[in-house]
Enquirer: 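Can you read through this structure? Questions will come right after.
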Amino acid sequence: GLTGLFRSFIKKWFPDTETGIYLLCLIMIQILSGVWFSIGRVWFYETAMAAGFAFLSWGVYFLFESNVMGTGKISFFKVFMSSLFSALSVLCRPTLALYCICIAVFMLMAVPKSGKYMKRRVIYLVNAFVPMICLGLVQMIYNYARFGSPFDFGIQYSLTINDFTKSQYH
């Protein structure tokens with residue numbers, strides 16, 4: 001996913017990049033991403049982190065490929081896939097909701113670009129937001145059933161030495 005995302009980024013905004021620089025940057029991104037740590041230790045926590053990273057990478061890849069950003073006609077299928085993968089990343093790691101919100105903002109800003117006619121804009125909005133809304137509702141139902149609140153991701157059950165309920169990040 002990260003390789004596809006990088007390839008799409010270069011193709012869209014830096015198409016004249018030399019092959020050597022492209023390969024060097026790709027190798028650096030792969031090494032520095034930290035994903036190799038998660039793949040090398042396939043325990044429960046690392047599996048969730050790797051899956052969240054993969055889904056988010058694919059979500060951003062499809063965002064770039066959908067032409068929501070940049071020029072070209074918007075692909076509704078790729079918008080849908082971006083929304084789906086971004087929302088799935090949040091199911092893996094709740095902190096990835098911040099990135100999902102950023103993707104949603106980019107999609108919202110592209111509404112005027114999606115078409116002149118209201119029907120086309122409505123189809124675009126359905127593809128852009130129904131996957132996020134549906135999976136968000138699933139997450140909220142799960143949170144309520146497990147923790148008693150749709151907005152509680154179980155932080156008070158964290159098994160670390162840090163007391164996250166007293167952190168300043170809310």
Side-chain angles (χ1 to χ4, degrees), residues 1-9 12 29 33-39 41-70 72-115 118-160 164-165 167 169-170:
L2 185 58
T3 299
L5 165 61
F6 180 72
R7 184 191 58 77
S8 179
F9 175 78
K12 185 172 283 297
I29 286 172
S33 71
V35 74
W36 301 109
F37 173 79
S38 297
I39 291 172
R41 290 180 39 159
V42 287
W43 297 352
F44 180 76
Y45 187 73
E46 286 79 8
T47 301
M49 288 187 337
F53 180 77
F55 283 131
L56 187 63
S57 296
W58 283 109
V60 177
Y61 165 78
F62 279 111
L63 180 72
F64 288 169
E65 289 293 309
S66 70
N67 292 322
V68 163
M69 303 164 67
K73 184 179 178 184
I74 292 178
S75 165
F76 291 161
F77 173 74
K78 291 177 181 175
V79 166
F80 177 86
M81 295 303 287
S82 176
S83 179
L84 177 67
F85 283 125
S86 301
L88 285 170
S89 75
V90 178
L91 295 180
C92 297
R93 300 288 305 136
T95 53
L96 297 178
L98 298 172
Y99 299 103
C100 191
I101 291 168
C102 290
I103 289 170
V105 168
F106 280 114
M107 289 182 176
L108 198 57
M109 289 174 22
V111 170
K113 183 182 174 188
S114 65
M118 183 59 75
K119 180 180 177 184
R120 189 158 167 79
R121 288 183 180 191
V122 168
I123 293 170
Y124 169 77
L125 287 169
V126 165
N127 282 287
F129 293 106
V130 165
M132 287 183 190
I133 292 168
C134 288
L135 289 176
L137 287 172
V138 167
Q139 179 72 56
M140 292 172 83
I141 291 167
Y142 173 79
N143 289 350
Y144 182 77
R146 184 158 184 213
F147 306 116
S149 169
F151 301 108
D152 186 353
F153 286 89
I155 196 69
Q156 68 266 24
Y157 304 108
S158 181
L159 300 175
T160 66
F164 288 109
T165 61
S167 80
Y169 178 74
H170 301 286

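Along the sequence shown, residues are numbered consecutively beginning with 1.
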Enquirer: For S82 and F62, indicate whether the former's side chain and the latter's backbone hold a donor-acceptor pair under 3.5 Å.
Expert: no

Enquirer: Please give me the minimum heavy-atom distance between G115 and R121, naming the atom from each residue.
Expert: O-NE, 2.6 Å

Enquirer: Just by distance, do the side chain of N143 and the backbone of F151 share a donor-acceptor pair under 3.5 Å?
Expert: no

Enquirer: Does S114 reach the main-chain N or O of V111 with its side chain, forming a donor-acceptor pair under 3.5 Å?
Expert: yes

Enquirer: Which heavy atom of G4 sits nearest to which heavy atom of Y61, and what is that distance?
Expert: O-CD1, 3.2 Å

Enquirer: Parallel, tilted or perpendicular: which one describes the rings of Y142 and F147, with boundaries at 30° and 60°?
Expert: perpendicular

Enquirer: For a side chain to side chain contact (heavy atoms under 4.5 Å, CB included) with M107, tell me which candidate from I74, L125, V79 qualifies.
Expert: V79

Enquirer: Return yes if some donor-acceptor pair links the side-chain N/O of S66 with the main-chain N/O of L63 below 3.5 Å, else return no.
Expert: yes

Enquirer: Kindly check if the number of other-residue, nucleotide or ligand heavy atoms within 6.0 Å of CZ (F6) is above 12?
Expert: yes

Enquirer: Is a side-chain N or O of K12 found less than 3.5 angstrom from the main chain of F64, in a donor-acceptor match?
Expert: yes

Enquirer: With a cut-off of 3.5 Å and sequence neighbours excluded, list every side-chain donor-acceptor pair involving residues 50-59.
Expert:
residue : atom : partner : partner atom : Å
S57     : OG   : F53     : O            : 2.8

Enquirer: Compare all side-chain heavy atoms of E65 with those of M81 and state whether any distance is below 4.5 angstrom.
Expert: no

Enquirer: Could you measure the distance from the CD1 atom of I29 to the OG atom of S33? Nearest 0.5 Å is fine.
Expert: 9.0 Å

Enquirer: Can you give me the closest heavy-atom contact between C100 and A87, atom names plus distance?
Expert: SG-N, 4.1 Å

Enquirer: Please check if the side chain of K78 supplies one atom and the backbone of V68 the other of a donor-acceptor pair under 3.5 Å.
Expert: no

Enquirer: Counting N and O atoms only, with roles assigned by atom type, does the side chain of R93 sit under 3.5 Å from a partner on the main chain of A48, one being a donor and the other an acceptor?
Expert: no

Enquirer: For L5, is there any backbone N or O sitting under 3.5 Å from a side-chain donor or acceptor partner on S8?
Expert: no

Enquirer: Would you say that more than 12 heavy atoms from the other residues, nucleotides or ligands in this model lie under 6.0 Å from the OH of Y99, or not?
Expert: no

Enquirer: Do V130 and F80 have side-chain heavy atoms sitting under 4.5 Å apart?
Expert: no

Enquirer: Donor-acceptor check, side chain of Y124 to backbone of P112, threshold 3.5 angstrom: yes or no?
Expert: no

Enquirer: Which pair of heavy atoms, one from N127 and one from S83, lies closest together, and at what distance?
Expert: O-CB, 3.8 Å

Enquirer: Write down the atom of Q139, the atom of V90, and the distance for their closest heavy-atom approach.
Expert: OE1-O, 4.2 Å

Enquirer: Which atoms form the tightest heavy-atom contact between K113 and G72, and what is the distance?
Expert: CE-O, 3.3 Å

Enquirer: Can you confirm whether L84 sits close enough to L135 that some side-chain heavy atom of one is under 4.5 Å from a side-chain heavy atom of the other?
Expert: yes

